[in-house]
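The next block holds one structure in the form of structure tokens; read it before the comments.
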Amino acid sequence: MNAYLASVIEDVKSKHANEPEFVQTVEEVFSSLEPVIEKHPEYEKVDLLGRMVEPERMFTFRVVWMADDGTWHTNIGYRCQFNGAIGPYKGGLRFQPNVYPGIIKFLGFEQIFKNSLTGLPIGGGKGGADFDPTGKSDAEIMRFCQSFMQALYRYIGPDVDVPAGDMGVGAREIGYLYGEYRRLKGAFENGVLTGKGFSCGSLIRPEATGFGAVYYLQNVLEHEGEKIEGKTIACAGFGNVTWGICRKAAELGAKVVTLSGPDGYIYDPDGVVTDEKINYIVEMRASGRNKVKDYADKFGVEFHPGEKPWGVKVDICMPSAMQNDVHMEQAQQIAANGVKYYIEVANMPTTNDALKFLMEQPGMIVAPSKAVNAGGVATSALEMAQNSERLVWTEEEVDKQLHQIMNTIYQMSVDAAEQYGLGYNLVAGANIAGFQRVADAMMAQGVF
Ligand code: GLU
């Protein structure tokens, strides 16, 4: 491996051994960059890679809130403003008990390259809190969000840093966060947050990640001379992203046959295709119970407690739940089932050894999450554009632009891999294309 590249990876490993998810994503992205670094010796002189793995700014803050029973609780809030070379920091907020700096930094690092791939002016950022929304009342969620924003509002803004949702943060939370921001600032700066569910949010934003993933998948299928109609898809999770995939897949004549949760997975051979079933996903999520078994109880399908859906024989696997869902054991099952399309959707859903194994399977096509799920943040950037011009675009307009962006991301990835003689390698292509745009902007702006 190129000596400079290897030394930066070694440095990250030794400095951040206590942040394994961050180390994992740096290794994953950098493992594709060797030919680029070889071609650009000037990067080493200004330590471009060493600067890229260090956030421009990252901070924690105290979030104190009162539960309904009158007791007070304290959580840790985070914001990582990782790289602002191509635009205001942009990325979601994750509320989940396992949030710690390693998770925030891995998500922030991924976000740099994902946002770059969209071709839009958005830098990379991420934030969140080690707060568990499960079972919390609406009033508790509101008080938590208000307290979170009281600490954060000074450090964000429509041209500075624009948070959005991620796991545990949806339109309701964004609404409460925005309300508090507006109250504190005394101004209607609606571009400060995206994923707003009220009047100045973007149409199609809730669907965008799932729809975008399916648009990307269609490009892959087309490359293989296949069509999406009639295909069976295994998904994980039952959040907003999986919901969007179910909807678009059903509309195009394919069917999602598995959903999963922390309690296990469901198998619905008829597919999550009817409006009733698709709408029930939203209901299950909103209930705050976090149990996918509810779907099996309601529709009388199989429920497999404590298991993951990756042993089910399908045409396409779309891991859409969370990081490191697919380990070597599941990857081997997927390969043994003869699955041809492994389309990552959640941020880093595959461990690095499992990803390498899947990419080596003859005939299997692997697409990386930072490209496949970029439709969400791309539509957030479209929401920022609408907010800046104080207009709301039609559903058709947003969907048309989203579709176009996904096609371009796919094509840019294909071209970047080909340009460096790597063949049809969507993983390396996305890493290289995402990296190049940020690298060019950093080189142009001087060393800091
Ligand atoms: N959390 C989403 C992601 O991982 C969306 C971020 C955004 O819209 O800013 O890309």
Side-chain angles (χ1 to χ4, degrees), residues 21 25 78-84 86-96 99 103-129 152 156-171 173-174 177-178 190-197 200-213 216 237 239-245 319-323 325 344-349 368-387 398 401-402 405-406 409 430 434:
E21 296 84 359
T25 186
Y78 297 90
R79 189 70 186 164
C80 174
Q81 300 178 333
F82 217 127
N83 191 309
I86 59 171
Y89 310 107
K90 181 82 198 85
L93 298 171
R94 176 174 292 192
F95 291 172
Q96 223 178 27
V99 162
I103 295 269
I104 298 294
K105 280 172 67 182
F106 118 65
L107 290 164
F109 192 71
E110 281 283 296
Q111 203 82 44
I112 300 170
F113 306 100
K114 176 195 322 200
N115 293 5
S116 166
L117 280 170
T118 67
L120 300 166
I122 40 178
K126 204 82 190 192
L152 185 63
I156 60 175
D159 296 317
V160 179
D161 182 359
V162 182
D166 196 85
M167 297 175 77
V169 178
E173 289 74 16
I174 294 295
L177 289 163
Y178 181 71
N190 53 7
V192 69
L193 289 162
T194 60
K196 299 177 291 289
C200 57
S202 178
L203 297 171
I204 301 289
R205 178 63 189 88
E207 293 86 347
T209 312
F211 280 20
Y216 185 101
N240 160 268
V241 176
T242 304
W243 167 77
I245 296 173
S320 45
M322 62 165 95
Q323 70 274 1
D325 188 19
E344 291 190 326
V345 190
N347 290 312
M348 202 172 72
S369 55
K370 67 175 71 62
V372 177
N373 75 25
V377 75
T379 307
S380 275
L382 301 180
E383 183 169 331
M384 289 163 73
Q386 294 169 73
N387 291 163
V398 180
Q401 292 215 26
L402 166 65
I405 290 166
M406 295 314 298
I409 290 174

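As the structure lists them, so they are numbered: ligands from 1, and atoms in each ligand from 1.
- The shortest side-chain heavy-atom distance between Ile103 and Gln96 does not fall under the 4.5 Å cut-off.
- Contact of the Arg205 side chain with the Thr379 side chain is registered, since non-hydrogen atoms from C-beta on lie closer than 4.5 Å.
- Annotation: side chain of Val345 is in contact with side chain of Ile245 (closest heavy-atom distance under 4.5 Å).
- Of all atoms in ligand 1, numbered sequentially from 1 with element shown, those under 4.0 Å from a heavy atom of Ser380 are 7 (C), 8 (O), 9 (O).
- Of all the atoms in ligand 1, the ones that sit under 4.0 Å from a non-hydrogen atom of Ala164 are 7 (C), 8 (O), 9 (O).
- Nearest to atom 6 (C) of ligand 1 among the protein's heavy atoms is Gly92 N, 3.6 Å.
- Below 3.5 Å of separation, one finds no N or O of Asn373 facing any N or O of ligand 1.
- Contacts of Lys126 with ligand 1, taken as heavy-atom pairs under 4.0 Å, involve the side chain alone.
- The shortest contact between atom 10 (O) of ligand 1 and any protein heavy atom is with Lys114 NZ, 2.8 Å.
- Side-chain contact check for Val398 versus Gln386: some heavy-atom pair is nearer than 4.5 Å.
- Residue contacts with ligand 1 include Gly91, since one of its heavy atoms falls under 4.0 Å from the ligand.
- Distances from ligand 1 to the non-hydrogen atoms of Glu110 include no value under 4.0 Å.
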Give the intermediate values and the outcome of ring-ring contact (aromatic ring centres under 6.0 Å, His included) for residues Phe109 and Phe82.
CA-CA 7 Å; Phe109 192 71; Phe82 217 127; 5.7 Å; yes
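- In Thr209, neither the side chain nor the backbone holds a heavy atom less than 4.0 Å from any atom of ligand 1.
- At a cut-off of 3.5 Å, with distance as the only test, no side-chain donor of Asn347 or Glu110 sits close to an acceptor on the other residue.
- At least one heavy atom of Gly165 sits closer than 4.0 Å to an atom of ligand 1.
- Using a 4.5 Å heavy-atom threshold, the side chains of Arg79 and Leu93 count as touching.
- With a heavy-atom cut-off of 4.0 Å, Arg205 touches ligand 1 through its side chain alone.
- Here the side chains of Ile86 and Ser116 are in contact, with some heavy-atom distance below 4.5 Å.
- Nearest protein heavy-atom neighbour of atom 9 (O) of ligand 1: Lys90 NZ, 2.7 Å.
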